[in-house]
**Student:** 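Could you have a look at this structure, given as structure tokens, before my questions?
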Amino acid sequence: MGFDLLGLSEPTLTAVTDAGYSEPTPIQAQAIPQVLMGRDVLGIAQTGTGKTASFTLPMIDILAHGRARARMPRSLILEPTRELAAQVAENFEKYGKNHKLSMALLIGGVNFADQEKALDRGVDVLIATPGRLLDHFERGKLLLTGIEILVVDEADRMLDMGFIPDVEKICERIPRQHQTLFFSATMPPVIQRLTKQFLNDPKKIEVSRPSSSSTNISQHLIEVPMVKQKRRVLRALLRTEDVKNGIIFCNRKTSVKETYESLKRHGFSVGQLHGDMAQSERLEILRQFKENEIKLLCASDVAARGLDIADVSHVFNLDVPSHAEDYVHRIGRTGRAGRTGSAFTIAAKTRDDDKYVSAIEKMTGLALPRTDVPDDKADDEPLPGKSRARSEKPEAADAPSEEKPRASRSRRPRKDEAPAEKAAAPKAETKAEPKAEPQPRPQPQPEKRAEKKVDKPAPRGRRRRDDDDDFEPVVGMGDHMPAFLMTPVKLSK
DNA sequence: AAAAAAC
């Protein structure tokens, strides 16, 4: 069955063909005719199912008739994150190229003036995150009385992020006679209530989750004794796996920053993405990643859901996600559009990681296959400070505080095993041969660094737990480091 | 406990 049987117009079909698609996905095949008929739709579907095109395509045809008036957009699409909103806007541009639809993107972090200007000109398609939309609304820059089609996308994520009151507020301000398209991956009670309240006899369309935790993503779990060994293991994976491009997920923004810095120091082609960055930066990094100007993206969960980058070969969880569902969303960034992908989760032997891994296995219903740490010759190159760190720092000194002896998981009784290096580079025989290295070799570190490190007192007491063995917390103080400056400082407020 | 989102 082709797109041509769904009732879309010629110019829209041409744009679809030009984009390289010939067959609709199940949700597109089911939703598009319903939307064209003017019916409300309740779509239970995740990203990666072709959900976005299932509403953008028919919307383009519906909006092709009629014209927009100043400050009265004709359709509104609500998205939970700015990146998703921008992505939907791209979708409209791609498929609407043969139409003359005007569009505005209302998201936070960008200045109001341009957005207001666009609103004043009148827009057919308004794509927004709830906060910024309400902001404009309350300033009187925007009327919702002309809305013909409302799309609430990723409703369950809106719920997670506390946007439901905002969504309700917006829905209440939209006139009765409009069409609503409502999408959610799951249907918790609050969302069900919303659908009853705001949808009018909707056509319910449910498609199974794309490929997420199934066949075309090969999943692996690597267990290391200590948190601080994770980065080294990550580097080993990056060098031995055939990583075309990959996303590295951390649980905290600070860990994203540190991991990004660390990878950059080691010569990897990497960018970072998290909510503390300026919006312009966020979009720019995403663009670079999509266009393959950078190979790796170190990200918070802002990138976990919905981001549609067609061809991501690897996902690495440097932190085990603390919500099991996030695991599915994260690894769902790879193996998209029928491609294969690999997902590696690096877990430490800590109470938290153990707990999170169990939760993931319980949810997916299968044990994550344990994999050994790959042999990584590159990291055996003499890096300044490395040997010193090895011989003088007994691993116990840096172990996170909860790393005190206790029964480890019955699966792997490995308490007697020697620590860091053993774990980071063992088992040469398990990996047949290291594959081609996609990443540049780390550059030899500048002499300066070595000198600096020599006289630096070993950090006392607790360090930040995700430090790795090459982490340099302070630079630029010369050789005389007052001891108090070495005490740990909490970076986040 | 964190992340995201409004100035």
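Within every chain, numbering begins at 1; the chains are lettered A, B, ... in the order of the sequence lines, protein sequences first and strands thereafter.
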**Student:** Under the criterion side-chain contact (heavy atoms from CB on, under 4.5 Å), I'd like the reasoning laid out for Val320(A) against Ile346(A): C-alpha separation, chi angles, the key distance, then a yes or no.
**Tutor:** CA-CA 7 Å; Val320(A) 186; Ile346(A) 307 173; over 6 Å; no
**Student:** Please state whether the base of dA3(B) and the side chain of His323(A) form at least one donor-acceptor pair under 3.5 Å?
**Tutor:**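 By the distance-only test, no, there is no pair.
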**Student:** For residues Ile77(A) and Val125(A), determine if any side-chain heavy atom of one lies less than 4.5 Å from a side-chain heavy atom of the other.
**Tutor:**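 Yes, side chains in contact.
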**Student:** Taking the side chain of Asp135(A) as its heavy atoms from C-beta onward, which of dA2(B), dA4(B), dA6(B) lies nearest to it?
**Tutor:**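 My answer, after comparing the listed nucleotides, is dA6(B).
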**Student:** At 4.0 Å (heavy atoms only), tell me whether Arg82(A) reaches a base, stays on the sugar-phosphate, or touches nothing.
**Tutor:**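 Result for Arg82(A) = sugar-phosphate.
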**Student:** Indicate, with a heavy-atom threshold strictly under 4.0 Å, whether Ser322(A) touches base, sugar-phosphate, or nothing.
**Tutor:**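 Since a base atom lies under 4.0 Å of Ser322(A), the category is base.
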**Student:** Is His274(A) touching bases, backbone alone, or none of the nucleic acid, heavy atoms closer than 4.0 Å?
**Tutor:**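 Sugar-phosphate, no base atom in range.
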**Student:** Indicate, with a heavy-atom threshold strictly under 4.0 Å, whether Asn251(A) touches base, sugar-phosphate, or nothing.
**Tutor:**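 Result for Asn251(A) = sugar-phosphate.
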**Student:** Is the centre of the Phe316(A) ring less than 6.0 Å from the centre of the His314(A) ring?
**Tutor:**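 Under 6.0 Å, so yes.
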**Student:** Between dA1(B), dA3(B), dA4(B), which one does the side chain of Arg252(A) approach most closely?
**Tutor:**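 For Arg252(A), the side-chain atoms sit closest to dA3(B).
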**Student:** Would you say dA4(B) has OP1 or OP2 under 4.0 Å from some side-chain N or O of Thr129(A)?
**Tutor:**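 Thr129(A) to dA4(B) OP1/OP2: no side-chain N or O under 4.0 Å.
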**Student:** Quick one: is dA5(B) close enough that its OP1 or OP2 comes under 4.0 Å of any side-chain N or O from Arg282(A)?
**Tutor:**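 So the side-chain polar atoms of Arg282(A) do come within 4.0 Å of the phosphate oxygens OP1 or OP2 of dA5(B), strictly under.
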**Student:** Less than 6.0 Å separating the ring centroids of Phe55(A) and Phe183(A)?
**Tutor:**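 Between Phe183(A) and Phe55(A), which both carry aromatic rings, the centre distance is below 6.0 Å.
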**Student:** Counting the atoms with a prime plus P, OP1 and OP2 as sugar-phosphate, which does Gly109(A) contact under 4.0 Å by heavy atoms, base, sugar-phosphate, or nothing?
**Tutor:**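 Sugar-phosphate contact only.
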